[in-house]
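Data first, discussion second: the structure below is written as structure tokens.
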Amino acid sequence: MRLRISRYIFILQISILCWGALGCLQGVSAQNQQAKEAVDALTDKPAPVFAGVAVSVDLVGVAMKAMGSNFAQMEVAARLNFKEKFFPIFELGYGESDFESEETGNVYRTKAPYFRIGMDYNFTKNWRSGNRMFAGVRYAFSSFAYDLCVPSFTDPVWNVPVAFDYRNLSGNYHWGEVVYGIETKIWSFIRLGWDARYKYRFKGNDSRYGTPWYVPGFGKNDTSGLGGTFKVIFDI
């Protein structure tokens, strides 16, 4: 009899423990569900219509300048943020070149500003992650003066040296750019981003005495070209 009562007490204790454990599991499951619903609610929450302003500086041009490249361009940008999807942007830069061709000895020099205006679109769905993958377009323009110096040669008729040294020749170029890039948030209001660009010249006007070797903002003079930036971005 005493053994049977002990058995019933033992079974009752096990049942209570199991019931308590089941209750704890249900409580944890409910908490997890609530946390998931909270995260989903935050994730699904739409971004504000106007989400701020950002300014940036390109480090590629700074590096090219420091390494003594044949040309370099320092650039800053300002952009608006609408709904974390649409980013109107204005880019302002200053390009310069002092290049002497090893083949011909021709010297090309120019220093001038340029600008671009356009729009980027963010393809990332979770805007709260801080990461962005975007594509965009730009219209760009530069009006500049350039020097073209050609080594002297002997005139075949008069047998005297003739030098071509043209200063302040005028040029202006219009071009478009297709942009693809990514960026990520590294701390608070600071981001890093890079992009690759395909450039296509719409129109170019230069002097009849010779074309510029470098166009500020575009790069080496051609009908098309490639470029890119690596930016430090500050959200305001």
Of all pairs that satisfy salt bridge (Lys or Arg N to Asp or Glu O under 4.0 Å), the ones with a partner from residues 208-223, not counting sequence neighbours: none

Check side-chain contact (heavy atoms from CB on, under 4.5 Å) between Phe99 and all other residues, then give those that pass, not counting sequence neighbours. Asn70, Ser97, Ser101, Tyr108, Trp213

Which atoms form the tightest heavy-atom contact between Tyr200 and Ser224, and what is the distance? CD1-CB, 4.2 Å

Kindly compute the distance separating OG1 (Thr211) from CG (Asn205), expressed to the nearest 0.5 Å. 12.5 Å

Counterpart residues, side chain to side chain donor-acceptor pair (under 3.5 Å), relative to Thr124 (two or more places apart): Asn122

Do Tyr121 and Phe134 make a side-chain contact, defined as non-hydrogen atoms from C-beta onward lying under 4.5 Å apart? no

Considering residues at least two apart in sequence or located in another chain, which fulfil the side chain to side chain donor-acceptor pair (under 3.5 Å) criterion with Asn221? Tyr173, Arg201

ring-ring contact (aromatic ring centres under 6.0 Å, His included) involving Phe234 - partner list, sequence neighbours excluded: none

Taking only distance into account, with no hydrogens and no angle test, what donor-acceptor pairs under 3.5 Å do side-chain atoms of residues 185-192 form with protein atoms, sequence neighbours excluded?
residue: Lys185; atom: NZ; partner: Ser188; partner atom: O; Å: 3.4
residue: Arg191; atom: NE; partner: Asp235; partner atom: OD2; Å: 2.9
residue: Arg191; atom: NH1; partner: Gly130; partner atom: O; Å: 2.6

Verify the neighbour count for atom CZ of Phe202: are there more than 12 heavy atoms of other residues, nucleotides or ligands below 6.0 Å? yes

With sequence neighbours left out, which residue pairs that include part of residues 104-114 fulfil the salt bridge (Lys or Arg N to Asp or Glu O under 4.0 Å) condition? Asp98-Arg109

Shared hydrophobic cluster, Ile182 / Phe86 (ILVMFWY, side-chain heavy atoms < 4.5 Å): yes

Hydrophobic cluster membership, with links at side-chain heavy-atom distances under 4.5 Å among I/L/V/M/F/W/Y: are Met119 and Met133 in one? yes

Kindly determine whether Asp195 and Thr229 satisfy side-chain hydrogen bond (donor to acceptor under 3.5 Å, both in side chains), including the steps that lead there. CA-CA 5 Å; Asp195 64 58; Thr229 65; 2.6 Å; yes

Tell me, please, which residues at least two apart from Phe87 pass ring-ring contact (aromatic ring centres under 6.0 Å, His included). none

Is there side-chain contact between Phe141 and Asn172, with heavy atoms separated by less than 4.5 Å? yes

Can Ile236 be reached from Ile89 by stepping across I, L, V, M, F, W or Y side chains whose heavy atoms are under 4.5 Å apart? no

Residue list, side-chain contact (heavy atoms from CB on, under 4.5 Å) with Ser207, at least two apart or on another chain: Tyr146, Leu169, Tyr209

Hey, quick one: are Val179 and Trp175 part of the same hydrophobic cluster, counting side-chain heavy atoms closer than 4.5 Å, chains of contacts allowed? no

Which donor-acceptor pairs under 3.5 Å do the side chains of residues 46-67 make with protein atoms, sequence neighbours left out?
residue: Asp58; atom: OD1; partner: Val60; partner atom: N; Å: 3.1
residue: Asp58; atom: OD1; partner: Phe230; partner atom: N; Å: 3.0
residue: Lys65; atom: NZ; partner: Glu96; partner atom: OE2; Å: 2.2

Parallel, tilted or perpendicular: rings of Phe90 and Phe115 (30°, 60°): parallel

Roughly how far, to the nearest 0.5 Å, is CG of Asp120 from OH of Tyr180? 12.0 Å

Looking at every non-hydrogen atom in both residues, tell me the closest pair between Pro216 and Pro113 and how far apart they are. CB-O, 4.5 Å

Atom pair CZ (Phe144) and OG1 (Thr110), whose distance is rounded to the nearest 0.5 Å: 6.0 Å

Taking C-beta and beyond as the side chain, do Leu92 and Tyr114 meet within less than 4.5 Å on heavy atoms? no

Which heavy atom of Ala112 sits nearest a heavy atom of Ser143, and at what distance? CB-O, 3.9 Å

Let me confirm one number: the CD-CZ distance from Gln73 to Phe218, rounded to the nearest 0.5 Å. 10.5 Å

Applying side chain to side chain donor-acceptor pair (under 3.5 Å) to Asp165 and not counting sequence neighbours gives Arg167

Please report the shortest heavy-atom distance between Tyr214 and Gly95, naming the atom on each side. OH-CA, 3.4 Å

Are Val137 and Tyr198 connected into the same hydrophobic cluster when the rule is that any two of I, L, V, M, F, W, Y join if their side-chain heavy atoms are below 4.5 Å apart? no

Quick one: which residue pairs count as a salt bridge (Lys or Arg N to Asp or Glu O under 4.0 Å) with a foot in residues 70-95, not counting sequence neighbours? Glu75-Arg116, Arg79-Glu183, Glu84-Arg132, Glu91-Arg116, Glu91-Arg138, Glu91-Arg197, Glu91-Lys231

